[in-house]
Amino acid sequence: MWHLLFALRHLAVYCSSINQRTAMSVTKRKTSRGETGEYHYAFAIGGKRYRGVCEGCTTERKAQAYEKQIRDTVLKAQEQKTVKALVDNFADQLTGGKAIGLKEAFSLYLKKPKKCQPGEKQLKQKIAYWQDFFDWMQATHPEIENLRDVQSTHAEAYIAMLRTEGSFLHVQEERQKTAADKDYKPQPQGLSPATVNVRHKTIKAVFAWLSSDAGIMENPFEIEFLDYQYESREAFTPEELKLIWKNLDSDPFVKPIFIIGVCTGLSEGDICNLRWSEIQDGWISRKRRKTGAVLEIPILAPLMEFLNTLPQTEDFILPEHAKMYADNPTGVTYRVKYFLEGLGSSTTKKAEGRSRVVSIKDVHSLRHTFAYLAGINRTPLPVVQSVLGHMSPEMTKHYQAHADREAKEKYLTQLPDFLNASPPQLPAAKEPEREELTQLLTRLPLKEIKKILTQIRTAYPELSV
């Protein structure tokens, strides 16, 4: 028994000495001028000594609390078995962030002050892209709740699914069909590399913008984008334009789309939502829906002539088109493609490496046609760039590179005949006098125009066609 009492006595003495050392681990240092104003801590754990200044501690009690916080942090760090565990457990301290849930991430991302905010249509797409990724994470990795817990392996698996099977929404629908009908064979609809990259870019942006707030050490979607051969819309050939112009009156819905599109280079959304308030003094002035770029476009004579035939009783120039674009935007494209296919024009083609055909002729082709016609008329690139609303000359050059080599050689050598037989062309350069004359002619009565034509034909017979 006395042996046990002796051991307990020594243990009490040892604990007392530990407590004394702990209390004395926070002290003010003595110098030749007296004690220092700040407190210093010093302790040892695992044979390693830790010393430092108790920041902002004005009393011994505060200094002891500060020292305890440092001591606890060191003990917790030593408990970590791997570098990953260390980073995960100390993410908040290392990054200054806090856990942000996957569910709330996109709404927080939208609040970030960006240079350009997405349009309504583009925003809906981005929301759908993030929701698809969120639903996939919930179904396949329910234990992952926060942004910073998503790993590159998750990102790679999700991208692989998009490429081979399609969106998670499509995968779910196929599974439901299989469950309802055992004989049903799932139809994987892998997305094109271009579409996968768009989704990849959207999700990556969410992680990038919230990296500091969420304590993300490394963006899991910082992986390479897929390589792809861009399948661009094709410009309408001169022969197609002649055929289209000949048959435009047969479809009153499609007619204004082609006239406005070829004369302005506006996109489908901008054509359908063009307002009378944006027509002033022979110019179109509006912000492009997709990028917010300010567009200043001179109204060519054929377009002015067409606009003068329309009633100005509503806000939109094309109220029927504006309503359809708001309720069912794909309906506008369908009407145009239906018209083109009725003329025998192929609007789709089979792309290499794709299970589905891609669109090559639709409303967007009018922008390509505008740039192509401007290019063969030698309109300066900055002029075309400002009309199309692109942010760099390289993007505009892309629009001008549609006609193949043979077509360019053919129509450049026969440019005068092509110009006389084709729909309205852009001027060769921005000539103020020519533009002023064009605008004046649109306002003159037909009787006066006939007089001017007679005078010109008399004075310059060589110009007569």
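Just so we're clear, the structure is a prediction, and the values are computed from it rather than from any experiment.
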* **Backbone of S167 reached by a side-chain donor or acceptor of H170 within 3.5 Å** => no
* Please say whether the positively charged group of K114, taken as NZ for Lys or CZ for Arg, lies over the ring of Y109, i.e. under 6.0 angstrom from the six-membered ring centre and within 45 degrees of the axis. => yes
* Can you check whether V196 reaches F225 side chain to side chain, under 4.5 Å on heavy atoms? -> no
* Structure fact -> The reported gap from CZ in R199 to CZ in R163 (rounded to nearest 0.5 angstrom) is 13.5 Å
* To do: May I have the step-by-step check of side-chain contact (heavy atoms from CB on, under 4.5 Å) for H200 and I223, ending in yes or no?
  => CA-CA 9 Å; H200 181 173; I223 54 181; 3.5 Å; yes
* Is there a donor-acceptor pair under 3.5 Å between the side chain of D132 and the backbone N or O of L169? -> yes
* Are the side chains of F339 and L248 in touch, meaning some heavy atoms are under 4.5 Å apart? -> yes
* To do: Using a 4.5 Å cut-off on heavy atoms from C-beta on, say whether the side chain of F253 contacts that of M324.
  => yes
* To do: Check the pair K62 / Y66 against side-chain contact (heavy atoms from CB on, under 4.5 Å), numbers first and verdict last.
  => CA-CA 6 Å; K62 288 184 178 180; Y66 184 92; over 6 Å; no
* Relative to the ring of F133, is the ring of F221 parallel (under 30°), tilted (30 to 60°) or perpendicular (over 60°)? -> perpendicular
* State, to 0.1 Å, how close A63 and C54 come at their nearest heavy-atom pair, and which atoms those are. => O-SG, 3.7 Å
* **Atom pair CG (L243) and CG (L343), whose distance is rounded to the nearest 0.5 Å** => 4.5 Å
* **For D327, all residues meeting side chain to side chain donor-acceptor pair (under 3.5 Å), sequence neighbours excluded** => K323
* Can you find a heavy atom in the side chain of V336 that is under 4.5 Å from one in the side chain of F258? -> yes
* Structure fact -> In this structure, NZ of K111 is separated from CG of L210 (nearest 0.5 Å) by 11.0 Å
* Assess the pair H141 and W136: is the distance between their ring centroids shorter than 6.0 Å? => yes
* To do: Determine yes or no for a side-chain-to-main-chain donor-acceptor pair under 3.5 angstrom, with T264 supplying the side chain and I260 the backbone.
  => yes
* In sequence, state the C-alpha distance, the side-chain angles, and the governing distance for K112 and D213, and then conclude on salt bridge (Lys or Arg N to Asp or Glu O under 4.0 Å). => CA-CA 11 Å; K112 290 293 183 179; D213 299 341; 2.5 Å; yes
* To do: Would you please indicate if the ring centroids of F316 and Y325 are separated by under 6.0 Å?
  => no
* Asked: Hey, does the side chain of D149 reach the backbone of E145 with a donor-acceptor pair shorter than 3.5 angstrom?
  -> no
* Asked: How about T58 and Y39: do any of their side-chain heavy atoms sit closer than 4.5 Å?
  -> no
* Does K177 come within less than 4.0 Å of D183, counting only side-chain N to carboxylate O? -> no
* Check: E314 and P319 side chains under 4.5 Å, non-hydrogen atoms -> yes
* To do: Inspect the surroundings of CD in E173 and state if more than 12 heavy atoms from other residues, nucleotides or ligands are less than 6.0 Å away.
  => yes
* Asked: Are the side chain of N146 and the backbone of R148 linked by a donor-acceptor contact shorter than 3.5 Å?
  -> no
* Taking all non-hydrogen atoms of both residues into account, name the closest pair between I271 and I257 and its distance. => CD1-O, 3.8 Å
* Using the side-chain hydrogen bond (donor to acceptor under 3.5 Å, both in side chains) rule, take T330 and N328 through it: C-alpha gap first, then chi angles, then the decisive distance, then the call. => CA-CA 6 Å; T330 57; N328 179 28; 2.8 Å; yes
* Asked: What pair of heavy atoms forms the shortest contact from S277 to D315, and how long is it?
  -> OG-OD1, 4.5 Å
* Structure fact -> Note: C272 and V332 closest approach over all heavy atoms is SG-CG1, 4.0 Å
* To do: Kindly give the heavy-atom pair with the smallest separation between P256 and F306, and that separation in Å.
  => CB-CZ, 3.5 Å
* **Residues E67, R71: salt bridge by 4.0 Å N-O rule** => yes
* To do: For the pair E174 (side chain) and Q187 (backbone), establish whether a donor and an acceptor sit closer than 3.5 Å, ignoring hydrogens and angles.
  => yes
* **Side-chain donor-acceptor pair present, E296, S285, cut-off under 3.5 Å** => yes
* Determine whether more than 12 heavy atoms belonging to other residues, nucleotides or ligands lie under 6.0 Å from atom NZ of K28. => yes
* Residue pair Y41 / T27, side-chain heavy-atom distance below 4.5 Å -> no
* To do: Determine which pairs satisfy salt bridge (charged side-chain N to carboxylate O under 4.0 Å, His left out) with at least one residue from residues 188-198, sequence neighbours left out, and list them in order.
  => none
* Sidechain-backbone polar pair: E104 side chain, G101 backbone, donor-acceptor under 3.5 Å -> yes
* Asked: Is Q64 reaching over with its side chain to a backbone N or O of R61, donor-acceptor style, under 3.5 angstrom?
  -> no
* Hey, are the side chains of L102 and V150 touching, using non-hydrogen atoms and a 4.5 Å cut-off? -> yes
* **Backbone N/O of K204 and side chain of N219: donor-acceptor pair under 3.5 Å** => yes
* **Closest heavy-atom pair and its distance - V206, F106** => CG2-CD1, 3.9 Å
* **Point-to-point distance, once rounded to the nearest 0.5 Å, from CG of L266 to CG of L366** => 10.0 Å
* Nearest 0.5 Å please: distance from the CH2 atom of W130 over to the NZ atom of K103. => 14.0 Å
* Asked: Between CD of E222 and CZ of F207, what distance do you get to the nearest 0.5 Å?
  -> 12.0 Å
* Any chance you could lay out the side-chain contact (heavy atoms from CB on, under 4.5 Å) test for W283 and Q280, step after step, and finish with the verdict? => CA-CA 5 Å; W283 286 78; Q280 295 180 357; 5.9 Å; no
* Okay, side chain of R286, backbone of N273: is any donor-acceptor separation there less than 3.5 Å? -> yes
* Could you give me the CA-CA distance, side-chain angles and deciding distance for I127 and L123, then say whether side-chain contact (heavy atoms from CB on, under 4.5 Å) is met? => CA-CA 6 Å; I127 293 175; L123 177 59; 4.0 Å; yes
* Asked: Should we count OH of Y184 as having more than 12 external heavy atoms under 6.0 Å?
  -> yes
* To do: Classify the side-chain pair T195/S192 by whether it contains a donor and acceptor separated by less than 3.5 Å.
  => yes
